Every structure is written in structure tokens, then in C-alpha cells.
Colleague: 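I'd like to ask you about the structure that follows.
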Amino acid sequence: MQNLKSQYEKPSVKLLLAVLSWLTTRRHRLPDAATQSAIAHHFHLLVLHPASDSIDIQAGIYMARRTGMDAAGLLARYAGAKASLH
């Protein structure tokens, strides 16, 4: 029953991608520190999500890169955690 409960507490991959899309298209300039932190946090959740695949992660990288963020750095930060979970 615990696994079922934790499954519903996680946002869906679709929701995470929607939030990343919203965060990365709000402005046409570099995001402020709070927005960068939110992008990094949601990207982290996307990378660690058991239902996310490489296409989802590539979409997250693309969106982060659009804002001028270091998408490769974000991926390097969280990629090891994904590999250890799967």
C-alpha cells in the first residue's frame, strides 16, 4: 500500500514538463535566481521520475537551455542519481 501512496504523491512527467515549459517561456530574458532555482528543482524531479525517459529529459534540457541555463551542468548533477535508481 505504501508504494501506491507514494505513486500518487509524485507529480506526473506531463505536469513536470508543463511546469518547465511555463517557467522557461515566461520571459524573453535570463531568469532571475528564484526562477533558475525552480527550473533546476523541476528538472531534478523530472530526471528522478521513474516514468521519465530520455525524450522527456531531452525536452527538459532543451527548455533549460532556451533560458541560457547550463543544461549540461544540470544533467551532470542529476544523471548519476537516475542511473542508480534504474
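All values derive from a computational prediction rather than experimental measurement. We use all heavy atoms of the structure for the numbers below, so side chains are in, but hydrogens, waters and symmetry mates are not.
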Colleague: Between atom CD of Gln36 and atom CG of Asp70, what is the distance when rounded to the nearest 0.5 Å?
Modeller: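 Nearest 0.5 Å value for the CD-CG distance: 10.5 Å.
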
Colleague: What's the separation between atom CZ in Arg66 and atom OG1 in Thr24, rounded to the nearest 0.5 Å?
Modeller: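 Interatomic distance, Arg66 CZ to Thr24 OG1, rounded to 0.5 Å: 4.0 Å.
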
Colleague: Any donor-acceptor pair under 3.5 Å linking the side chain of His42 with the backbone of Ala38?
Modeller: yes

Colleague: Of the non-hydrogen atoms in Phe43 and Ile57, which two are nearest, and what is the gap between them?
Modeller: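 Heavy atoms of Phe43 and Ile57 come nearest at CE1-O, 4.0 Å.
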
Colleague: For Val13, give me all partners under side-chain contact (heavy atoms from CB on, under 4.5 Å), at least two apart in sequence or on another chain.
Modeller: Leu17, Leu46, His49, Ala51, Ser52, Asp56

Colleague: Please report the shortest heavy-atom distance between Asp32 and Thr35, naming the atom on each side.
Modeller: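 Smallest heavy-atom distance, with atoms named: OD1-OG1, 2.6 Å.
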
Colleague: Quick one: side-chain contact (heavy atoms from CB on, under 4.5 Å) partners of Arg65, sequence neighbours excluded?
Modeller: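 Testing Arg65 for side-chain contact (heavy atoms from CB on, under 4.5 Å), a comparison that skips the adjacent residues, returns Ile61, Ala71.
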
